[in-house]
Structure formats: structure tokens, C-alpha cells
Amino acid sequence: MTTVSAPKTAEDSARAPHEFTDGYHLLVEALRHNDVRTLYGVVGIPITDVARIAQASGIRYIGFRHESDAGHAAAAAGFLTGKPGVCLTVSGPGFLNGLVALANATTNCFPVVQISGSSDRCIVDLQRGDYEEIDQLAAARPLVKAAYRVDRAEDIGRAVARAIRTAVSGRPGGVYLDIPAAVLGEVVDTDAGAASLRRVVDPAPRQLPAPETVDRALDLLAGAERPLVVLGKGAAYARADEQIRDFIEKTGLPFLPMSMAKGLLPDDHPQSVAAARSLALRRADVVMLVGARLNWLLGHGEPPQWNPGAQFIQVDIDPTELDGNRPITAPLVGDAGSVMRALTERLRPGRVMVRDAWRAELLARHAQNTERMARRLEAAATAQPMCFLTALQAIREVLQDRPQVYVVNEGANALDFARNVLDMRVPRHRLDCGTWGIMGIGMGYAIAAAVETGEPVVAVEGDSAFGFSGMELETICRYRLPVVTVVLNNSGVYRGDDASATSDPAPTALKARYDLMATAFGGRGWRVTTPHQLAAALRDALSSDGPTLIDCVIDPSDGTESGHLTNLNPKGVDDAGRQAA
């Protein structure tokens with residue numbers, strides 16, 4: 001711990017100098033004490049010295065251009081590592097920018113801690129107009145799992161430990177840690193400071209389910225005519241890969257992976273019913289949710305998407321999640337690994353879990369839909385100009401032999417098509433917009449994946465989605481990260497061929513040469529118009545192991561309003577006074 005000597009008087013000169021430290025160094029030491037190896041953030045008043053000291057101490061600091069992107073990166077780091085990512089922001093507007101990502105991480109159940117500097121409390125509380133004055137603690141509380149403020153430097157070690165444990169324990173989420181500038185600059189005795197540091201021990205212990213509930217769940221599955229297992233990103237986060245695979249394969253149960261659970265079992269696994277999703281949900285009479293929630297992504301568990309008579313088994317770390325939309329007949333409260341292990345251990349030898357008729361029905365629909373998609377891909381292969389499917393098929397062919405590549409995906413149509421076309425075979429290698437369905441996570445998630453794993457990353461971006469965080473391309477180039485950004489450029493939000501009623505561009509119109517951005521920042525830029533060019537550029541980019549952007553020009557007319565979420569657009573009245581169809 002860095003120390004300074006106290007000012008000496010004549011009387012002091014006869015004694016050994018007394019050593020002191022300050023809040024800046026205590027914060028860095030508290031993070032190091034808890035094995036934090038990377039900080040994501042944007043420097044400025046009053047946290048610039050935190051970043052400098054952290055970097056000098058061996059903690060890697062990744063400096064961003066916008067706090068939201070830094071926060072998204074910290075959140076992705078939490079998902080990928082199972083340890084809280086840490087985001088560092090300035091006060092006021094910088095804090096608010098980071099709070100967007102912190103709230104999103106909480107909704108997605110990603111462990112992350114945002115540490116923000118703040119103005120002096122004595123001025124803020126009387127609203128005297130301090131620099132970037134805002135009651136940051138009050139602003140954060142409704143949007144995060146927990147929020148804490150440090151009022152004394154001697155409490156920094158306690159606060160960091162508490163924030164880490166809160167972020168990762170139980171249902172993971174975002175934690176806000178407010179440290180006023182005065183506390184960062186506060187000088188304290190070195191020995192007292194060192195004694196205040198705390199190391200978190202076993203922050204997320206195993207939670208075993210009740211045996212009687214395990215038996216009830218197995219009885220329900222065995223008695224079902226049409227059982228189904230739905231795997232969510234919570235199952236992927238739990239790192240229960242072996243336990244989930246063991247249970248699925250020993251029971252023969254059909255499973256449906258949500259987008260960020262893809263790869264827990266390979267997408268081409270014979271028990272996957274992803275290609276028969278609608279039928280599986282509509283017909284299943286007993287459904288086991290593993291780390292998945294019955295939110296809007298699953299139609300809230302309600303008809304017509306679901307069987308109205310379906311019974312639900314839910315595996316979740318948080319009992320308050322149960323019964324939110326549909327009654328849960330068998331609540332399996334515990335961590336996914338422990339629950340799935342218990343289910344497997346209590347299986348009765350020879351007990352039939354899946355009836356032949358249900359398996360045959362799913363296989364028939366799976367084959368039908370797979371063939372339909374194959375025909376669509378075949379028709380798209382020669383489309384000129386390229387459409388979404390043309391480009392994604394070229395990307396798929398390149399990635400087939402590279403299962404370790406991390407895929408980040410966001411957009412409307414870019415997300416919907418890619419989720420169906422790009423197969424995943426390795427867990428936690430697909431990152432997308434998640435529960436809120438927001439835009440702007442792309443470059444932050446891609447940076448975190450590259451930093452935390454060292455593996456190559458391909459970010460498949462809609463041109464609109466890329467615009468939310470596109471400036472972080474400079475961050476990717478500055479740190480020379482192995483990130484390839486593929487922008488599916490149809491020159492618009494949803495599509496680029498909308499007509500304008502005025503001399504201004506249409507509300508959905510966009511226009512950019514994204515490849516030139518990469519060149520400007522010191523990376524490599526490609527502009528491609530054919531699938532052959534796209535595949536060649538992507539192969540070259542992955543071989544070079546450096547930052548590249550591929551501006552993939554596709555048909556402006558290809559795309560639909562809101563992608564697959566057209567039903568969320570309310571019907572209005574057109575300019576002729578007629579109700580929109």
C-alpha cells in the first residue's frame with residue numbers, strides 16, 4: 001500500500017515518521033484484495049487518480065468513450081466470469097450514463113459494481129449547487145439490487161466487500177457504490193487502512209433444493225404427455241453445463257434454449273426443439289424452466305403462446321420469482337447446478353420420461369421447419385443485393401469451424417435472423433440484448449468478451465444498433481483487441497427505403513461508411529457487397545487477430561418494422577384518417 005509521511009515538527013523529528021494513505025489507494029487495495037483484475041470506465045473528476053493508481057498496481061484499466069458502454073462491458077464480464085465486473089465513472093451525468101447499464105445488468109441478473117465519484121455531501125444535501133450536483137445514491141436505489149455510500153475512508157474496504165457479495169450472491173445483479181470526492185482524498189493511518197480491508201469468502205454458496213420438491217418435479221415430468229425443458233441465460237450463468245447435459249440426456253427430455261443459453265448443449269443436439277419452438281410451447285403440458293423467467297420473452301406463460309392447462313416446474317435461485325405469471329406446481333429453489341444434480345440422482349432407473357408420440361410430433365415439426373429454413377437460405381444465397389439471410393449464411397459458414405469464437409449480436413432484424421441462423425456449440429459464447437431487448441450493448445459486450453477471455457469476438461450488428469456504441473470502435477483499436485465487427489448495413493432503422501414526406505431524410509433513414517471509421521481509428525475496414533467478399537473478409541479478419549470492421553451492404557428494403565416484435569407496435573391512424581392495418 002502506498003504511503004506518505006506525515007509533516008514533521010521538531011518534536012516529531014526525534015520519532016520515526018508516521019505513515020498515511022488515502023481513499024484512492026484504499027479503494028484500489030480493496031479491489032485487489034478481492035481479486036479484481038480489470039476496471040472498465042471513463043476517467044474524470046474525481047476518479048482519474050483511481051484509474052492511474054489501479055493501473056500502476058497491476059489492475060488492468062480499459063478506458064471507454066462513454067460510461068454506458070463501460071457499464072455494459074463490466075456487466076458482460078460478470079456474466080462471462082461469474083465474478084462481479086467493476087465499472088468506474090465520474091459524478092453527475094457520467095454516473096447517470098453508467099446507471100443505464102447498471103439497471104440493464106440488474107434486469108439481466110449480471111453481477112456488476114458501479115463505483116462513482118460524487119460531490120460533497122454537505123453541499124448536495126442543502127442543494128447549494130455543487131459541481132455536477134445530484135443525489136446519486138437516491139437516483140440509483142430504485143434501479144439496482146443495492147446501493148451504498150461510503151462516508152469515511154476507513155469504510156472503503158467494508159463497502160467494497162459488501163458490494164461484491166451483494167452483486168454475486170443469490171440472484172446476481174447491479175450494485176452502486178457512491179464515494180464522494182472528499183472521501184477519496186481523505187488521509188488515514190496506513191495501519192488502520194490496511195486493517196480495514198476485507199476479503200469476501202464464498203459469496204455465492206450452493207443452495208440445495210428440498211428433496212420432496214425434487215421428487216414432485218420428477219413425478220410431474222414422468223406423468224406428462226408432452227414435457228418440455230426451457231433453458232435460460234440463468235442456466236448458462238450458473239455454469240451447470242455438465243449437470244444440465246447429464247439430466248437432459250439421461251431423461252431424453254426435449255429442450256428449448258433461450259438465445260443466451262444456446263450452446264449449453266449444441267444447437268444441433270438431437271433433443272433440441274429450437275426449430276419447433278412454437279409447437280413445443282403451445283402443446284407442452286408440463287414445462288420445466290431452468291434459469292428462465294416467464295416474462296415477455298416467453299409470452300408471460302399465457303395462451304395463445306402456451307397451453308392454458310400447462311403445469312410449471314421452475315428452477316430458480318430466487319423464490320420471489322416464482323408464481324409471477326403462472327402458478328408453479330413444483331418450485332425448485334436453489335442454484336442450477338445443485339438442483340440439476342439432485343434431479344439426476346433421484347431418477348428412477350428405467351422410468352420413461354418422454355412418450356414416443358410427443359417425440360415424433362416434435363421431430364416432424366423440427367424437420368419441416370428446418371427444411372423450410374434451408375429453402376429460404378438457398379433462395380437468399382444468390383440474392384443481389386444481399387439480404388440479411390445472405391450475409392448471415394456467409395458468416396455461419398466461416399464460424400462453423402471456429403466454435404470458440406464469441407458472438408455478440410444486437411439489432412432488430414439483425415438479431416432475429418442471426419439468432420436462427422448462427423449455431424452455437426459452446427456455452428456462454430453468445431451475448432445479446434437480453435431481457436430488456438435494448439440497443440447499445442454491442443461494443444461493450446464485445447470488448448469485455450475479448451478482454452476477459454482473450455478469444456476472438458465477432459459482433460454482428462444492425463447499422464442502427466451499432467450507432468449506439470460505435471465510437472467504442474476506437475477503444476477496440478486503441479487496445480488492439482481481437483474484435484471483428486460486422487455491420488449489416490441496410491441504411492436504416494429496420495429498413496432504409498422509407499420515403500420522406502419532406503426534404504429531410506425519412507425518420508428511419510441512415511447513411512454511413514462504417515468501414516472508414518475503422519481505418520480512421522487505426523484498425524482495418526472492409527466494405528463488401530457479396531457473400532463471397534464477406535466470407536473472405538471475415539476469414540482474413542479472424543486470422544489477423546486484430547480489430548476489423550466489415551461494412552456489409554445489404555438490400556435497403558430487407559427488414560421489417562421492429563423485427564419480430566411487430567405486435568408490440570400499437571395500431572394507429574394513417575394520414576388519411578384510416579385505422580392502420
Side-chain angles (χ1 to χ4, degrees), residues 78-83 108-111 168-172 202-222 224 227-274 280 284 286-293 312-319 321-322 328-354 403 424-430:
F79 174 75
L80 291 169
T81 66
K83 300 177 181 179
N108 277 322
C109 305
F110 295 166
V168 78
S169 62
R171 167 168 288 179
D202 196 13
R206 292 176 59 201
Q207 295 186 34
L208 278 63
E212 62 272 17
T213 306
V214 172
D215 290 338
R216 185 185 309 139
L218 292 172
D219 289 342
L220 273 172
L221 289 168
L228 176 68
V229 177
V230 178
L231 303 175
K233 68 177 177 293
Y237 172 81
R239 285 156 183 76
D241 312 348
E242 293 183 9
Q243 296 90 338
I244 290 171
R245 176 187 283 268
D246 196 27
F247 177 76
I248 292 290
E249 293 184 340
K250 284 184 176 177
T251 59
L253 289 165
F255 72 91
L256 173 68
M258 302 296 286
S259 61
M260 285 183 63
K262 287 164 67 70
L264 271 172
L265 290 92
D267 278 349
D268 60 359
H269 193 283
Q271 291 167 240
S272 172
V273 295
V286 172
V287 181
M288 184 166 77
L289 305 166
V290 184
R293 293 174 281 179
F312 287 88
I313 303 162
Q314 187 162 3
V315 179
D316 203 287
I317 195 74
D318 183 3
E321 177 61 35
L322 308 175
I328 304 302
T329 307
L332 292 167
V333 178
D335 66 279
S338 296
V339 172
M340 301 310 291
R341 185 183 297 109
L343 286 165
T344 304
E345 289 173 350
R346 297 180 77 87
L347 282 172
R348 297 178 195 167
R351 195 178 197 185
V352 176
M353 287 290 186
V354 186
M424 305 304 299
R425 284 172 283 165
V426 183
R428 291 170 298 281
H429 275 57
R430 176 183 168 83

Trainee: Under the side chain to side chain contact (heavy atoms under 4.5 Å, CB included) test against Thr213, which residue among Ile313, Leu218, Leu332, Thr329 passes?
Mentor: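 Of the listed options, the one satisfying the test is Leu332.
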Trainee: Please determine whether side-chain contact (heavy atoms from CB on, under 4.5 Å) holds for the pair Leu347 and Lys250, giving the CA-CA distance in whole Å, both sets of side-chain angles, and the decisive distance to 0.1 Å.
Mentor: CA-CA 9 Å; Leu347 282 172; Lys250 284 184 176 177; 4.2 Å; yes
Trainee: Are the side chain of Gln271 and the backbone N or O of Leu253 linked by a donor-acceptor pair below 3.5 Å?
Mentor: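 Looks like yes, one N/O pair under 3.5 Å.
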Trainee: For His269 and Asp267, indicate whether the former's side chain and the latter's backbone hold a donor-acceptor pair under 3.5 Å.
Mentor: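 Side chain of His269 to backbone of Asp267: no pair is present.
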Trainee: Would you check if Pro172 and Tyr237 make a side-chain contact, meaning some heavy-atom pair closer than 4.5 Å?
Mentor: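 Counting from C-beta outward, Pro172 and Tyr237 do come under 4.5 Å.
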Trainee: Find out whether Pro403 and His429 are in side-chain contact, i.e. whether some heavy atom of one side chain is under 4.5 Å from a heavy atom of the other.
Mentor: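 Not touching, per the 4.5 Å side-chain cut-off.
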Trainee: Find the distance between CG (Leu231) and CE (Met288) and round it off to the nearest 0.5 Å.
Mentor: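 Leu231 CG to Met288 CE: 8.0 Å, rounded to 0.5 Å.
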Trainee: Spell out, as yes or no, whether a donor-acceptor pair under 3.5 Å connects the side chain of Thr344 to the backbone of Met340.
Mentor: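 Yes, Thr344 side chain to Met340 backbone: donor-acceptor pair under 3.5 Å.
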Trainee: Do Val230 and Met258 have side chains that approach each other closer than 4.5 Å (heavy atoms only, starting at C-beta)?
Mentor: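 With C-beta onward as the side chain, the pair touches.
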Trainee: Please verify the inter-ring angle class for Phe79 with Phe110; under 30° counts as parallel, over 60° as perpendicular, anything in between as tilted.
Mentor: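 If you compare the ring of Phe79 with that of Phe110, the planes turn out tilted.
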Trainee: Please find the pair of heavy atoms, one from Pro331 and one from Arg216, that lie closest to each other, and give the distance.
Mentor: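 Minimum heavy-atom contact is CD-NH1, 4.0 Å.
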Trainee: Of all the heavy-atom pairs spanning Ala336 and Ala240, show the shortest one and how long it is.
Mentor: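 Heavy-atom minimum between the residues: C-CB, 4.0 Å.
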Trainee: So does Pro266 get a backbone contact from the side chain of Arg425, meaning a donor-acceptor N/O pair under 3.5 Å?
Mentor: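 Answer holds: no.
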Trainee: If we only count heavy atoms from C-beta on, is the Ile248 to Leu264 side-chain gap below 4.5 Å?
Mentor: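 With C-beta onward as the side chain, the pair stays apart.
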Trainee: About how many Å separate CG of Asp215 and CG of Leu220, when rounded to the nearest 0.5 Å?
Mentor: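 Here the rounded value is 11.5 Å.
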Trainee: Under 4.0 Å between a Lys/Arg side-chain N and an Asp/Glu carboxylate O for Asp335 and Arg239?
Mentor: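 Looking at Asp335 and Arg239, the cut-off is not met.
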Trainee: Could you walk me through whether Arg293 and Asp316 pass salt bridge (charged side-chain N to carboxylate O under 4.0 Å, His left out), step by step?
Mentor: CA-CA 9 Å; Arg293 293 174 281 179; Asp316 203 287; 5.9 Å; no
Trainee: Determine the minimum heavy-atom distance between Ala235 and Val290, stating which atoms define it.
Mentor: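 What the structure gives for the nearest pair is CB-O, 3.5 Å.
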Trainee: Please tell me if the side chains of Asp241 and Arg428 come closer than 4.5 Å, counting only heavy atoms from C-beta onward.
Mentor: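 When only atoms from C-beta onward are counted, Arg428 and Asp241 do touch, with a gap below 4.5 Å.
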Trainee: Can you tell me how far OG1 of Thr251 sits from CG of Leu343, rounded to the nearest 0.5 angstrom?
Mentor: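 The distance works out to 9.5 Å.
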Trainee: Which pair of heavy atoms, one from Val333 and one from Ile317, lies closest together, and at what distance?
Mentor: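 It is CG1-O, 4.1 Å.
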Trainee: Surrounding CD of Glu249 (heavy atoms of other residues, nucleotides or ligands, distance under 6.0 Å), is the total greater than 12?
Mentor: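 Correct, the count exceeds 12.
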Trainee: Could you grab the distance from atom CD of Glu321 to atom CD of Gln314, nearest 0.5 Å is fine?
Mentor: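 The CD atom of Glu321 sits 5.5 Å away from the CD atom of Gln314.
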Trainee: Looking only at heavy atoms, what is the nearest atom pair of Gln207 and Ser338, with distance?
Mentor: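 The answer is O-CB, 3.7 Å.
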Trainee: Below 4.5 Å, heavy atoms only, C-beta onward: do Lys233 and Asn108 meet side chain to side chain?
Mentor: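 Yes - at least one pair of side-chain heavy atoms lies under 4.5 Å apart.
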Trainee: Please name the pair of heavy atoms, one in Pro254 and one in Pro227, separated by the smallest distance, quoted to 0.1 Å.
Mentor: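 Minimum heavy-atom contact is CG-O, 3.2 Å.
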